[in-house]
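See below for the structure under consideration.
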Amino acid sequence: MTVQWKNTSKTYGFVSQAFHWIVAILIIATFVIGQAWEDTSRGDPNFELLASLHKSFGILILFLFIFRIIWRCINPAPALPENTPFFLRLIAMIIHWGLYALMFMLPFSGIGASFNAGVAIDFFGLFIIESPIPRNIEVAKKLIDVHHILTKTLLAFFLLHVLASLKHHFWNRDDILTRMLDIRRPFHRFLR
Ligand code: HEM
Ligand code: HEM
């Protein structure tokens, strides 16, 4: 059986689909855990677990981002339907590249905040990443503010992104959603 690993002009290949859905699940989980952690007080028995899970998932997202963005740069996305107006193409581009930027800036600001606060990062209980820089609480506070603003931006972009996918599927009735969602597609050669 031949598998369509790369994107074609019509559909996403298996690698892009896998990256998209694995990272989407990780981002949603990191967001929810971050919120739960924020609502937990320091003395709570779950505090350290939530902190470690949140930071570990975030670091995993940053790690996957490096490979995903390289794959994206050497492997262009399928074309939008021909009749898509210019302003919608522009909005889709801003949202997609905005989401890529957030996948990088969120973990980066979070790691920066932890290190500047002098807090080591416990990666899934496997190993500890000590802060390599001197403690600077002022910078840590600023980076936390940035992290908060980025989480709000992520939520807004994510909602627009999902609404747009649903609009394509139920209103325009095109295959924008299925070319990303249907992971059986890359296994059918006729879609080339
Ligand atoms: C894509 C990855 C990430 C997402 C989506 C994310 C999201 C969140 C969310 C939703 C919160 C709760 C506060 C709020 O609603 O603004 C939060 C808090 C926090 N996150 Fe992240 N985060 C990510 C990665 C990281 C990483 C990698 C670290 C550190 C290694 C980190 C460190 C923190 C810290 C220190 C806080 C608490 C801030 C405070 O005490 O107010 N985050 N994050
Ligand atoms: C669970 C809800 C989600 C749905 C239904 C969804 C749906 C889609 C669809 C249908 C596409 C393809 C668009 C096209 O064909 O032009 C897409 C692409 C994309 N999605 Fe999502 N998505 C979801 C979650 C996420 C999350 C959480 C992120 C990251 C924060 C994300 C980031 C992206 C990016 C960056 C692209 C562009 C891929 C490319 O480079 O071509 N998505 N999404």
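Note that this is a predicted model, so its numbers are computed, not measured. For ligands, and for the atoms within them, numbers begin at 1 and follow the listed sequence.
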Practice task
Check atom 21 (Fe) of ligand 1 and write out every protein N, O or S atom at under 2.8 Å, as residue and atom.
Solution key: His54 NE2, His147 NE2
Fill in the blank from the handout: heavy-atom search around atom 29 (C) of ligand 2 in the protein gives Met103 CE, 3.7 Å
Completion exercise
Ile121 heavy atoms within 4.0 Å reach ligand 1 at atoms 30 (C)
Completion exercise
Distance col, row Ile111:CD1 vs Ser114:OG, nearest 0.5 angstrom, shows 8.0 Å
Exercise for the section: With heavy atoms under 4.0 Å as the rule, classify the contact between Ile27 and ligand 2 as side chain, backbone, both or neither. Expected result: side chain
Exercise for the section: Decide whether Ser16 and Asn7 meet the rule of one side-chain donor and one side-chain acceptor closer than 3.5 Å. Expected result: yes
Exercise for the section: Do me a favour and list the nearest non-hydrogen protein atom to atom 41 (O) of ligand 2 with residue, atom name and distance? Expected result: Tyr12 OH, 2.6 Å
Problem - Neighbour count >12 (heavy atoms, 6.0 Å) for atom CH2, Trp97 - result: yes
Problem - Proximal atoms of ligand 1 relative to Ser114 (non-hydrogen, under 4.0 Å) - result: 29 (C)
Practice task
Give the numbers and elements of all ligand 2 atoms closer than 4.0 Å to a heavy atom of Arg179.
Solution key: 14 (C), 15 (O), 16 (O)
Exercise for the section: Look only at interatomic distance and state if His148 has a nitrogen or oxygen under 3.5 Å from any nitrogen or oxygen of ligand 1. Expected result: yes
Handout entry: Atom NZ of Lys167: over 12 foreign heavy atoms under 6.0 Å
Key = yes
Fill in the blank from the handout: Counting heavy atoms under 4.0 Å, the part of Ile61 that contacts ligand 1 is side chain
Practice task
Can you establish whether the number of heavy atoms outside Ile91 located under 6.0 Å from its atom CD1 is more than 12?
Solution key: yes
Practice task
Please check if atom CZ in Phe108 has more than 12 non-hydrogen atoms from other residues, nucleotides or ligands closer than 6.0 Å.
Solution key: no
Practice task
With the side chain counted from C-beta on, respond yes when Phe158 and Ile27 share a heavy-atom pair under 4.5 Å apart, and no when they do not.
Solution key: no
Handout entry: Exam field: side chain Arg185 to backbone Tyr12, donor-acceptor pair closer than 3.5 Å
Key = no
Practice task
Determine whether the side chain, the backbone, both or neither of Phe158 has a heavy atom under 4.0 Å from any heavy atom of ligand 2.
Solution key: side chain
Exercise for the section: Look at atom 2 (C) of ligand 2 and say which protein heavy atom is nearest, naming residue and atom and giving the distance to 0.1 Å. Expected result: Val162 CG2, 3.5 Å
Practice task
Please report which non-hydrogen protein atom sits nearest to atom 28 (C) of ligand 2, along with the residue it belongs to and the distance in Å to one decimal place.
Solution key: Leu99 CD1, 4.3 Å
Fill in the blank from the handout: Nearest non-hydrogen contact to atom 34 (C) of ligand 2 from the set Met180, Gln17, Arg68 belongs to Arg68
Handout entry: atom 21 (Fe) of ligand 2 contact by His96, N, O or S atom under 2.8 Å
Key = no
Handout entry: Shortest protein heavy-atom distance from atom 26 (C) of ligand 2, along with the residue and atom involved
Key = Ala24 CB, 3.9 Å
Handout entry: Best match, Leu154, Val119, Ile149: closest heavy atom to atom 5 (C) of ligand 1
Key = Leu154
Handout entry: Nearest-contact summary for atom 4 (C) of ligand 2 - protein heavy atom, Å
Key = Trp21 CH2, 3.6 Å
Practice task
Just jot down the ligand 2 atoms closer than 4.0 angstrom to any heavy atom of Ala77, in number order.
Solution key: 41 (O)
Practice task
Side-chain contact test, heavy atoms from C-beta onward, threshold under 4.5 Å: evaluate it for Ile121 versus Phe115 and give yes or no.
Solution key: yes
Handout entry: Nearest-neighbour protein heavy atom for atom 10 (C) of ligand 2, which is reported as residue plus atom name and distance
Key = Ile176 O, 3.3 Å
Exercise for the section: May I ask you to identify, for Leu62, whether its side chain, its backbone, both or neither come under 4.0 Å of ligand 1 on a heavy-atom basis? Expected result: neither
Completion exercise
heavy-atom search around atom 38 (C) of ligand 2 in the protein gives Tyr100 OH, 3.5 Å
Practice task
Could you tell me whether Phe63 atom CZ has more than 12 heavy atoms of other residues or ligands within 6.0 Å of it?
Solution key: no
Exercise for the section: Could you name the option among His169, His20, Arg72 that has the heavy atom nearest to atom 31 (C) of ligand 2? Expected result: His20
Exercise for the section: Counting heavy atoms only, name the option from His161, His168, Met93 that's nearest to atom 25 (C) of ligand 2. Expected result: His161
Exercise for the section: May I ask you to check if ligand 2 and Ser165 share an N or O to N or O distance below 3.5 Å? Expected result: no
Practice task
Between Phe57 and ligand 1, find which residue part has any heavy-atom pair under 4.0 Å and reply side chain, backbone, both or neither.
Solution key: neither
